[in-house]
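Below: the structure, in structure tokens.
All chains are named by letter (A, B, ...) in the order of the sequence lines, taking the proteins before the strands, and each is independently numbered beginning at 1.
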Amino acid sequence: QQPVQSPQAVILREGEDAVINCSSSKALYSVHWYRQKHGEAPVFLMILLKGGEQKGHEKISASFNEKKQQSSLYLTASQLSYSGTYFCGTGTYKYIFGTGTRLKVLA
Amino acid sequence: EAGVAQSPRYKIIEKRQSVAFWCNPISGHATLYWYQQILGQGPKLLIQFQNNGVVDDSQLPKDRFSAERLKGVDSTLKIQPAKLEDSAVYLCASSPGAGELFFGEGSRLTVL
């Protein structure tokens with residue numbers, strides 16, 4: 001079952017914050033986050049392994065709630081370079097990606 | 001360190017023709033994945049190998065798609081015969097285990 005991401009798309013002004021959510025109907029043991037720019041392959045951002053653990057990458061952080069089977073990605077003070085499609089990825093056995101969230105940051 | 005290599009980058013074929021894609025993962029990476037990404041959608045797992053054994057191929061349309069990973073290193077993905085709906089980017093990724101996936105640049109297929 002593919003994890004569902006929300007929102008599907010978001011438009012921001014430079015410097016604004018955003019939250020992207022990833023929900024799974026199956027138990028999550030780990031969550032990865034990737035960013036894909038147009039015409040390029042997905043690039044790894046971070047992995048979360050424990051419930052409630054937060055990790056950071058530049059001004060991007062994420063949380064993981066095992067009980068709720070959810071993960072959230074927080075983009076703080078967004079930059080133009082943050083534009084792209086964000087995917088969560090799950091599965092320690094069979095690796096699948098979420099539905100994706102298109103993010104566009106405007107100057 | 002060399003990344004994941006894929007070829008060809010682009011391929012245009014007529015429907016009912018066949019096509020093959022090649023992937024060379026990062027040296028030492030035991031797990032290799034093939035994903036299909038249709039424009040505007042997320043990557044869809046086609047097949048996952050652990051060394052040269054298949055971990056999952058439940059989403060692989062086996063009547064037309066086949067994949068192999070010889071000696072646990074290189075892999076090829078074949079489509080025969082191709083359909084219009086196979087037009088997509090085929091992404092190969094590898095990982096050393098349960099961590100980060102490293103992607104190749106992808107092979108863009110257009111079926112006319």
Side-chain angles (χ1 to χ4, degrees), chain A residues 1-9 20-24 26-50 53 55-57 60 62 64 71 73 83-104, chain B residues 1-7 9-10 21 23-26 29-51 53-60 67 87-110:
Chain A
Q1 201 78 4
Q2 186 178 28
V4 176
Q5 291 181 230
S6 63
Q8 286 187 320
I20 298 172
N21 300 301
C22 171
S23 294
S24 175
K26 292 189 173 182
L28 292 175
Y29 301 100
S30 67
V31 178
H32 300 186
W33 284 95
Y34 292 79
R35 176 170 62 211
Q36 185 176 32
K37 293 186 178 285
H38 183 71
E40 299 178 11
V43 173
F44 175 80
L45 293 175
M46 66 189 75
I47 179 172
L48 299 106
L49 297 174
K50 292 182 183 179
E53 183 180 8
K55 290 228 171 186
H57 173 80
I60 301 172
F64 176 28
S71 177
L73 187 72
S83 293
T85 303
Y86 289 78
F87 294 101
C88 60
T90 69
T92 51
Y93 175 68
K94 170 182 164 182
Y95 198 88
I96 57 175
F97 284 89
T99 50
T101 296
R102 288 190 309 280
L103 183 109
K104 187 163 181 64
Chain B
E1 179 182 83
V4 177
Q6 287 189 247
S7 67
R9 289 291 314 279
Y10 304 93
F21 302 112
C23 173
N24 185 17
I26 293 173
H29 282 194
T31 312
L32 186 147
Y33 313 78
W34 282 103
Y35 289 90
Q36 178 193 59
Q37 188 171 26
I38 292 172
L39 189 64
Q41 299 181 18
K44 171 188 160 187
L45 180 65
L46 292 176
I47 188 165
Q48 180 174 330
F49 292 97
Q50 180 77 17
N51 297 309
V54 175
V55 171
D56 186 272
D57 63 357
S58 58
Q59 300 260 62
L60 189 74
S87 292
V89 176
Y90 291 86
L91 294 165
C92 177
S94 69
S95 73
E100 173 184 354
L101 268 64
F102 295 80
F103 283 87
E105 292 184 308
S107 294
R108 183 178 297 275
L109 174 67
T110 302

Quiz item: Is the A:Phe44-B:Phe103 ring centre distance short of 6.0 angstrom?
Solution: no

Practice problem: State whether the number of non-hydrogen atoms from other residues, nucleotides or ligands found under 6.0 Å of A:Lys104 atom NZ is greater than 12. | Solution: no

Self-check item: Test item: A:Tyr34 side-chain N/O and B:Leu101 main-chain N/O as donor-acceptor pair under 3.5 Å
Solution: yes

Quiz item: Taking all non-hydrogen atoms of both residues, which atom of A:Ala41 and which atom of B:Gly104 are closest, and how far apart?
Solution: CB-O, 3.1 Å

Exercise. For B:Gln37 and A:Phe87, work out which heavy atoms get closest and say how close.
Key: NE2-CZ, 3.9 Å

Practice problem: Let me know if A:Gln2 has heavy atoms under 4.5 Å from chain B in its side chain, its backbone, both or neither. | Solution: neither

Quiz prompt | Interatomic spacing from CD1 in A:Ile96 to NZ in B:Lys44 - rounded to 0.5 Å | solution = 12.5 Å

Quiz item: What part of B:Leu91 gets closer than 4.5 Å to chain A, counting heavy atoms only: side chain, backbone, both or neither?
Solution: side chain

